[in-house]
Amino acid sequence: MPDSPTAADPRTSPRTDAEVYAALHADAVATLQRWEPTGPAAAEARDRTVRLLAAGPVAMSRAHRPGHVTASALVLDATGSRVLLCLHGKFRKWVQLGGHCEPADRTLAGAALREAAEESGIAGLRIDPVPIDVDIHPVSCQGGSLHYDVRFAVLAPPGAAARVSDESEALDWFPPDRLPQPLAGGTAHLVAPALATLRRAPLRPVP
């Protein structure tokens, strides 16, 4: 007689998106619900993102075809007089640093800070956990999807030297009033709220 089936060993069973992204999803919902948008377009994008999050933790995963939440960061130098942008290797435009959330991320601000550190090679970055913008745009993930990108201001330490990553063609600092071209849509209008954040309070390590 064959052995009776047994329950899968929880130590070896793959975790579902609901388990992997539960904490990150909860943080995303809380972060966006308490955020005061910087304008009408940001308010509409925030509301659409909150509705997406109603699907549950799966909305944090790139496998979610209707769209998924991402995190990005506009990095300022220690004086606030330059911003760090990368020339993206896929769509060949200058853009702020950022990307997909990962299973180890616990907060949206943490995901943005991790991406900024990975793509810049700069240690000691600090972040304000209050978003400066939300932007929704089409991407090629899963054959066609949407990024619901939550954006933050990040400050580099004095003397920071950036190092280009495998995801970028180039990486460089630019004065806020002389940004490079071609520039990704939405990147330019991150400068003002990022500088306002820096003036309002010193940026800090993510909690």
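Because the structure is predicted, anything quoted here is derived from the model rather than measured.
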_Pair Ser72-Gln96, side-chain donor/acceptor within less than 3.5 Å_ = yes

_Leu179 vs Val83 side-chain heavy atoms within contact, under 4.5 Å_ = yes

*Between Thr107 and Thr31, is any pair of side-chain heavy atoms under 4.5 Å apart?*
no

*With sequence neighbours excluded, what pairs up with Val29 under the side chain to side chain contact (heavy atoms under 4.5 Å, CB included) test?*
His25, Gln33, Leu53

*asked:* With no hydrogens and no angle check, just 3.5 Å: does a side-chain donor-acceptor pair link Asp133 and His189?
replied: yes

*Given Leu108, Thr70, Val150, the one that forms side-chain contact (heavy atoms from CB on, under 4.5 Å) with Cys101*: Leu108

_Is there a side-chain contact between Leu146 and Pro66 in this structure, where contact means two heavy atoms from C-beta onward sitting under 4.5 Å apart?_
no

_Is there a path of hydrophobic side-chain contacts, each under 4.5 Å between heavy atoms, that joins Met60 and Val139?_
no

_To the closest 0.5 Å, what do you measure between NE2 (His64) and SG (Cys141)?_
13.0 Å

_Straight-line distance of Phe152 CZ to Leu190 CG, nearest 0.5 Å_ = 12.0 Å

*Closest heavy-atom contact between Trp173 and Ala162?*
NE1-CB, 4.4 Å

*Over 60° means perpendicular and under 30° means parallel, so classify the ring planes of His100 and His68, tilted if in between.*
parallel

*May I ask you to test the Leu113-Val154 pair for a side-chain heavy-atom distance under 4.5 Å?*
yes

*asked:* As a quick check of understanding, evaluate side-chain contact (heavy atoms from CB on, under 4.5 Å) for Arg92 and Leu87, giving each step before the final call.
replied: CA-CA 6 Å; Arg92 302 288 301 169; Leu87 182 61; 4.0 Å; yes

*Among the clusters formed by ILVMFWY side chains lying less than 4.5 Å apart, do Ile136 and Val50 turn up in the same one?*
yes

_Within the 4.5 Å heavy-atom criterion, are Pro157 and Ile122 side-chain neighbours or not?_
yes

*How far apart are the closest heavy atoms of Ala112 and Ala73, and which atoms are they?*
O-CB, 4.1 Å

*asked:* Is it the case that the side chain of Ser145 and the backbone of Arg65 share a donor-acceptor pair, with hydrogens and angles ignored and the cut-off at 3.5 Å?
replied: yes

*From Thr197 OG1 over to Leu76 CG, what is the distance, rounded to the nearest 0.5 angstrom?*
8.5 Å

*Using the rule that two of Ile, Leu, Val, Met, Phe, Trp, Tyr join whenever any of their side-chain heavy atoms come within less than 4.5 Å, decide whether Tyr148 and Val58 are in one cluster.*
no

*Taking it one step at a time, do Arg163 and Leu171 satisfy side-chain contact (heavy atoms from CB on, under 4.5 Å)?*
CA-CA 7 Å; Arg163 183 182 69 249; Leu171 185 72; 5.7 Å; no

*If every non-hydrogen atom of Ala194 is compared with every non-hydrogen atom of Ile132, which pair is closest and at what distance?*
CB-CD1, 4.0 Å

*asked:* Return the CG to CG distance between Asp172 and Leu84, rounded to the nearest 0.5 Å.
replied: 8.0 Å

*asked:* I'd like to check Arg62 versus Glu102 (side-chain heavy atoms, cut-off strictly below 4.5 Å). Are they in contact?
replied: yes

*Do Val75 and Ser120 have side chains that get closer than 4.5 Å, going by heavy atoms?*
no

*Using modelled atom types only, decide if a donor and an acceptor are shared between the side chain of Asp128 and the backbone of Val130 within a distance under 3.5 Å.*
yes

*asked:* Could you check whether any side-chain heavy atom of Val134 comes within less than 4.5 Å of a side-chain heavy atom of Arg151, counting everything from C-beta outward?
replied: no

*State plainly whether the residues Glu169 and Lys93 are in salt-bridge range, i.e. N to O under 4.0 Å.*
no

Below 3.5 Å, can you tabulate the donor-acceptor pairs from side chains in residues 39-46 to any protein atom, sequence neighbours excluded?
residue	atom	partner	partner atom	Å
Arg46	NH1	Leu32	O	3.4
Arg46	NH1	Trp35	O	2.9

*Is it possible for you to say whether Leu195 and Leu74 belong to one hydrophobic cluster, with membership spreading through side-chain heavy-atom contacts below 4.5 Å?*
yes

*Kindly compute the distance separating CZ (Arg126) from CG (Leu198), expressed to the nearest 0.5 Å.*
8.5 Å

*asked:* Taking the basic N atoms (NZ, or NE/NH1/NH2) and the acidic carboxylate oxygens, is any pair closer than 4.0 Å for Asp27 and Arg106?
replied: no

*Find the distance between CG (Leu97) and CD (Glu119) and round it off to the nearest 0.5 Å.*
5.0 Å

